Protein chains: 2
Amino acid sequence: MSLQTDLHMKEPITPLAREAMLNIYHTANCIKKRADEFFRSYGLSDVQFNVMMLLGHQGGAEGGLSQAQISAMMLVNRANITALIDRMEKAGLVERTAAPTDRRYNIVKLTGYGRSLLARVEPLYIEEIKQAAVLEPAEQKQLIVMLEKIRRNVSERPLINNKPKTEISR
Amino acid sequence: MSLQTDLHMKEPITPLAREAMLNIYHTANCIKKRADEFFRSYGLSDVQFNVMMLLGHQGGAEGGLSQAQISAMMLVNRANITALIDRMEKAGLVERTAAPTDRRYNIVKLTGYGRSLLARVEPLYIEEIKQAAVLEPAEQKQLIVMLEKIRRNVSERPLINNKPKTEISR
DNA sequence: GGGATATAATTCGCATCTTAACTATATAGC
DNA sequence: GCTATATAGTTAAGATGCGAATTATATCCC
């Protein structure tokens, strides 16, 4: 389902449940667009900035993470990390170095430029997030609980009637 | 901001607010992946299916909509609609026909195949949505209210300190 | 030691999104 | 009628997402 999908259907398929689900998409999309706009003004993308925060805050003693670690921590497919780090390397934000012990790994580190840009942008981003928090703490807790409930259900329940074997012939 | 972003940061930047925001992304992403998996088993994408539902349910008397109408109703950029309808046309789901009155328009309609596939998949999708609704109706209402509150705030508040003019030099 | 297995990264093909520029067509106002 | 403006659709360039296949490297187990 798209993040921005049939919000204007005249005949909602199910009344409230569907509205709640679509609201999640719509809200996530609004927040995403907002963040895009923010980071874009610094020549970054949201994903790039999040990689930089990862590297900046928990890049280990030497400040580096493997692509697999980045992939796992950001829940982004490995295949995407390759191109993402390519672009960030080209932009001078990070650099790949060879791992000493295991030649399968790349160690990705922030460059000096990446570090200074992070130091400049992160406080503003934190301020953004703070101002975006319109909900009371109690509401926030409630929201988190509800979303986790939804997520657990979505993850654990098997797909219904999922038998693509017999396709409709054209 | 990615839908699947730094959920595992060891040092959350702001405690609860940030967690709530990230939860929205994460949940939306889970739901999206789930829907992707569902539609994929029928050779469709989520967006394609939503176009089919649009055309099937409110394609007007003759069952057709212009690309601009589809774009507006699905909140999808016009530029994306072109390629989307291209792919759906190639897959035999829809067809473009010329509008009689205004030669700028295409009228997009479901093909017979598209209509039959919709008739088959939609009930299963509705069942999916129903089962996905783990929240009580009262909770759903609450959730909707909170999400709308967040969305309004995100949309209306100006970006802070957004002055990209003076870039950090490398 | 050597073969089977697992992991890290890359590559490929494809879908989707954005913005911006472009073409063709309508329409409104002088 | 003619020019300015608006609208519909297309195209292009770039970022991101996915799954699947490939390559290089480690590791495990016999």
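Chain naming here is simple, since letters A, B, ... match the order of the sequence lines and numbering starts at 1 in each. We use all heavy atoms of the structure for the numbers below, so side chains are in, but hydrogens, waters and symmetry mates are not. Keep in mind that this is a model prediction, so the values were computed, not measured.
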Can you measure [X] atom [atom1] to [N] atom [atom2] for me and round it to whole angstrom units?
X: A:Asn106; N: C:dT7; atom1: CG; atom2: C1'; value: 13 Å
X: A:Asn77; N: C:dA9; atom1: CG; atom2: P; value: 13 Å
X: A:Asn50; N: D:dT16; atom1: CG; atom2: C1'; value: 14 Å
X: B:Ile85; N: C:dC17; atom1: CD1; atom2: P; value: 12 Å
X: A:Ile81; N: D:dT16; atom1: CD1; atom2: P; value: 10 Å
X: A:Asp86; N: C:dT10; atom1: CG; atom2: C1'; value: 9 Å
X: A:Asp36; N: C:dT19; atom1: CG; atom2: P; value: 9 Å
X: B:Asp46; N: C:dT16; atom1: CG; atom2: C1'; value: 9 Å

Q: Report the C-alpha distance between A:Leu117 and A:Leu44 in whole Å, list the side-chain angles of each, state the deciding distance to 0.1 Å, and finish with yes or no for side chain to side chain contact (heavy atoms under 4.5 Å, CB included).
A: CA-CA 10 Å; A:Leu117 188 57; A:Leu44 296 171; 4.0 Å; yes

**Q.** Residues forming a side-chain contact (heavy atoms from CB on, under 4.5 Å) with A:Ala99, sequence neighbours excluded
**A.**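 side-chain contact (heavy atoms from CB on, under 4.5 Å) list for A:Ala99, sorted by chain: A:Tyr105, A:Ile107.
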
Q | A:Ala79 vs A:Tyr105, nearer the 5' end of DNA chain C by closest nucleotide | A |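 Counting from the 5' end, the first nearest nucleotide belongs to A:Tyr105.
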
OP1 or OP2 of [N] versus the side-chain N and O atoms of [X]: is any pair under 4.0 Å?
X: B:Arg40; N: C:dC14; result: no
X: B:Gln67; N: D:dT10; result: yes
X: B:Ser45; N: C:dT16; result: yes
X: A:Asn80; N: D:dC18; result: yes
X: B:Arg78; N: C:dA21; result: no
X: B:Arg87; N: C:dT16; result: yes

Within the 4.0 Å heavy-atom criterion, would you say [X] contacts the bases, only the backbone, or no part of the nucleic acid?
X: A:Ala83; result: nothing
X: B:Leu84; result: sugar-phosphate
X: B:Thr82; result: base
X: A:Ser66; result: sugar-phosphate

Side-chain donor/acceptor of [X] to backbone N/O of [Y], under 3.5 Å:
X: A:Asn50; Y: A:Asp46; result: yes
X: A:Asn106; Y: A:Val108; result: no
X: A:Thr27; Y: A:Ile24; result: no
X: B:Glu89; Y: B:Val94; result: no

Q: Name all residues meeting the salt bridge (Lys or Arg N to Asp or Glu O under 4.0 Å) criterion together with B:Glu139; count only those two or more places apart in sequence or in a different chain, and write none if there are none.
A: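 Checked B:Glu139 against salt bridge (Lys or Arg N to Asp or Glu O under 4.0 Å); matches are A:Lys149.
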
Q. For the atom pair OG (B:Ser66) and CZ (B:Arg96), what is the distance rounded to the nearest 0.5 Å?
A.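 The OG atom of B:Ser66 sits 11.5 Å away from the CZ atom of B:Arg96.
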
Using a cut-off of under 3.5 Å, enumerate the N/O to N/O pairs linking the protein to nucleotides 23-28 of chain D.
unit_1, atom_1, unit_2, atom_2, d
D:dA26, OP1, A:Arg103, N, 2.7

Q.
What's the closest nucleotide to the side chain of B:Lys33 if the choices are D:dC18, D:dA8, C:dA8?
A.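 For B:Lys33, the side-chain atoms sit closest to D:dC18.
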
